[in-house]
Each structure stands twice: as structure tokens, then as C-alpha cells.
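The figures that follow rest on heavy atoms only: side chains count, while hydrogens, waters and symmetry mates do not.
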Amino acid sequence: MKIIVGISGATGAIFGIRLLEVLKDVENVETHLVMSPWAITTIKEETDYSASEVRELADYHYSDKDLGAAISSGSFNVDGMIIAPCSMKSLASISVGLADNLITRSADVILKENKKLVLMTRETPLNQIHLENMLKLSKMGATIFPPMPAFYNHPKNLNEMIDHIVYRLLSQFNIHRLPDEKVWTGLNKSK
């Protein structure tokens with residue numbers, strides 16, 4: 001399986017980073033990473049990672065300015081793309097087909113090739129423009145996936161919350177049974 005991972009400049013860069021960490025340990029998954037310039041800034045501000053450390057988590061990485069990269073073409077076979085986090089700017093650009101950087105161009109290609117596109121949108125509160133862009137992309141087949149915390153699994157810390165959200169994100173690509181993955185088993189636990 002080949003997955004493109006885009007990290008935009010929205011807050012929550014740790015989701016994209018953790019996604020890459022988890023995928024590094026999943027057999028037969030190849031990752032292709034693109035980070036926006038603001039993602040690099042956000043990574044420095046929000047985490048203890050450097051941009052080069054994040055790049056090392058991916059099998060392949062590209063500059064967001066490289067519109068000639070393999071992942072910018074529909075002839076390059078990938079299974080889908082995750083943008084985590086996805087800024088409202090990236091969301092808007094994708095919704096109108098702007099394709100002015102490698103993240104938005106790759107997303108455009110994923111849509112035209114009818115592949116899986118998952119957008120971890122990060123903003124609150126949402127205004128009408130945000131909601132209309134999400135609805136528009138959802139109607140095109142994209143999955144809108146805001147990072148909503150769950151509490152039924154009794155997270156003990158922020159890392160457990162992040163992991164749960166990343167595991168739910170990966171379930172969109174039928175990647176399951178990851179270490180420490182906790183799934184809802186229902187209220188009645190009878191056999």
C-alpha cells in the first residue's frame with residue numbers, strides 16, 4: 001500500500017508526525033510525505049521534532065514546491081492520501097482545484113483518480129465557508145475527519161488521545177489491530 005501524507009500549517013502537526021511513526025511499523029505500507037512551509041514552522045513551535053526528523057519517518061519526501069514530483073501525477077499508483085492536519089487554506093484550495101503546491105496538487109490528483117482522500121480538518125469554531133468547503137469535498141468523495149477525542153477508552157494522557165485518533169484515521173485505509181489500539185466493544189460484554 002502507498003499512502004501520501006500531507007502536513008499543512010494548521011495546529012496539530014503531531015497528528016501527522018504520529019501517523020508517520022505508526023505507519024513506519026506497519027508492514028507493506030510505503031509513505032510519501034509533503035510538508036508545507038507553515039507545517040515546518042508549526043512542527044518547530046508545537047513539538048520537539050525537527051523537520052528533518054519528520055522527513056526521516058517517511059519512505060519518500062518531497063518539497064511542497066515540486067509540482068513535478070511522482071505523486072503529482074495520476075499515473076503514479078497510490079492508494080490514497082491523508083492530510084493531517086489540514087488547514088482551512090488547504091481545504092479551500094482543494095475544494096476549488098487550485099493545486100498551487102504539491103499538497104493541493106496531490107489531493108487534486110487523488111480526487112480525479114477516485115482514490116481515498118482523508119482530510120483531518122483543524123479549526124474551531126467553523127464558519128460557513130469552512131462548512132461549505134467540507135460539504136463540497138465530501139460530496140466529491142473525500143472523507144472529512146476532524147480529530148475528535150474519545151473518552152470511552154479512558155485515555156490516561158494526551159499521547160493516548162492522539163494515538164486513538166491516529167488509529168481511527170488509519171482504519172479509513174483498513175489498517176487495524178495496531179499496538180494499544182482500543183476499539184468500542186459495546187456496553188453489554190456478554191459472550
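- Under the 4.5 Å side-chain criterion, counting only non-hydrogen atoms from C-beta, D59 is not in contact with L23.
- Shortest non-hydrogen contact noted between P37 and D64 is CD-OD2, 3.1 Å.
- Rounding to the nearest 0.5 angstrom, the gap separating the CE atom in M88 from the CG atom in N133 is 8.5 Å.
- A donor-acceptor contact shorter than 3.5 Å is absent between the side chain of T31 and the backbone of I3.
- D108 contributes atom CG, which lies 10.0 Å from atom CD of E113 (distance to the nearest 0.5 angstrom).
- Residue V22 is grouped with residue L20 when hydrophobic side chains (ILVMFWY) are merged at heavy-atom distances under 4.5 angstrom, including chains of intermediate members.
- Hydrophobic cluster membership is shared by L126 and I94, with clusters built from Ile, Leu, Val, Met, Phe, Trp and Tyr side chains linked at under 4.5 angstrom.
- Within the 4.5 Å cutoff, no side-chain heavy atoms of I82 are placed close to those of M120.
- Within the 4.5 Å cutoff, the side chain of S63 has no heavy atoms near those of the L102 side chain.
- No donor-acceptor pair under 3.5 Å is formed between the side chain of S95 and the backbone N or O of L137.
- Taking CE of M35 as the reference point, atom CD1 of I17 lies at 8.5 Å (rounded to 0.5 Å).
- In this structure, I40 and R55 have side chains that are in contact, with non-hydrogen atoms separated by less than 4.5 Å.
- W38 contributes atom CH2, which lies 13.0 Å from atom OG of S90 (distance to the nearest 0.5 angstrom).
- Within a 6.0 Å sphere centred on CG of L131, other residues, nucleotides and ligands contribute more than 12 heavy atoms.
- Taking every heavy atom of both residues into account, A142 and L119 meet most closely at CB-CD1, 4.4 Å.
- Both I43 and V166 are members of a single hydrophobic cluster when ILVMFWY side chains are connected at heavy-atom separations under 4.5 Å.
- The shortest non-hydrogen separation linking H164 to N153 is ND1-ND2, 3.1 Å.
- At least one side-chain heavy atom of M1 sits under 4.5 Å from a side-chain heavy atom of I175.
- A 6.0 Å sphere centred on NZ of K89 holds no more than 12 heavy atoms belonging to other residues, nucleotides or ligands.
- With values rounded to the nearest 0.5 angstrom, M134 atom CE is found 8.5 Å from C86 atom SG.
- Around CG of N157, the count of heavy atoms belonging to other residues, nucleotides or ligands within 6.0 Å exceeds 12.
- Atom NZ of K65 sits in a sparse spot, with 12 or fewer heavy atoms from other residues, nucleotides or ligands closer than 6.0 Å.
- More than 12 heavy atoms of other shown residues, nucleotides or ligands fall within 6.0 angstrom of atom NZ in K24.
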Full working for side-chain contact (heavy atoms from CB on, under 4.5 Å) between V78 and V109 | CA-CA 10 Å; V78 297; V109 168; over 6 Å; no

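- Here the NZ atom belonging to K115 is positioned 6.5 Å from the CG atom belonging to D79, to the nearest 0.5 angstrom.
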Does the side-chain contact (heavy atoms from CB on, under 4.5 Å) test come out yes or no for L19 and I7, once each step is laid out?
-> CA-CA 10 Å; L19 173 65; I7 302 178; over 6 Å; no

Before giving the answer on side-chain contact (heavy atoms from CB on, under 4.5 Å), spell out for L57 and L33 the whole-Å C-alpha distance, their side-chain angles and the decisive distance to 0.1 Å.
-> CA-CA 9 Å; L57 295 171; L33 172 65; over 6 Å; no

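- Between H32 and Y60, the ring-plane angle classifies as parallel under the 30° and 60° cut-offs.
- No side-chain heavy atom of R105 sits under 4.5 Å from any side-chain heavy atom of I71.
- Summarising the local packing, CZ of F173 is surrounded by more than 12 heavy atoms from other residues, nucleotides or ligands at distances under 6.0 Å.
- With hydrogens and angles ignored, the 3.5 Å screen pairs a side-chain donor or acceptor of T104 with a backbone N or O of N101.
- Not a single donor-acceptor pair under 3.5 Å links the side chain of S87 to the backbone N or O of S8.
- Under a hydrophobic-cluster definition in which Ile, Leu, Val, Met, Phe, Trp and Tyr are linked whenever side-chain heavy atoms come within less than 4.5 Å, directly or via other members, L91 and L98 are assigned to different clusters.
- There is no path of hydrophobic side-chain contacts, each under 4.5 Å, that joins F145 to I110.
- The side-chain hydrogen bond (donor to acceptor under 3.5 Å, both in side chains) test with T11 is passed by exactly one of E123, E46, R122: E46.
- When all heavy atoms of S106 and I4 are compared, the pair lying nearest together is CB-CD1, 4.2 Å.
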Full working for side-chain contact (heavy atoms from CB on, under 4.5 Å) between M161 and F151 = CA-CA 8 Å; M161 288 185 117; F151 298 96; 3.2 Å; yes

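- The residues D163 and R18 are annotated as salt-bridged, a charged nitrogen and a carboxylate oxygen being separated by less than 4.0 angstrom.
- Residues satisfying the ring pair (Phe, Tyr, Trp, His ring centres under 6.0 Å) test with Y49, not counting sequence neighbours, are none.
- Between I14 and L158 the shortest side-chain heavy-atom distance does not fall below 4.5 Å.
- Smallest separation of non-hydrogen atoms from P147 and F15: CB-CZ, 3.7 Å.
- Side-chain contact between T121 and H130: absent, with no pair of heavy atoms (C-beta onward) separated by less than 4.5 Å.
- Between the side chain of S138 and the main chain of L135, no donor-acceptor pair closer than 3.5 Å is present.
- Between A13 and T42 the shortest heavy-atom distance is CB-CG2, 4.2 Å.
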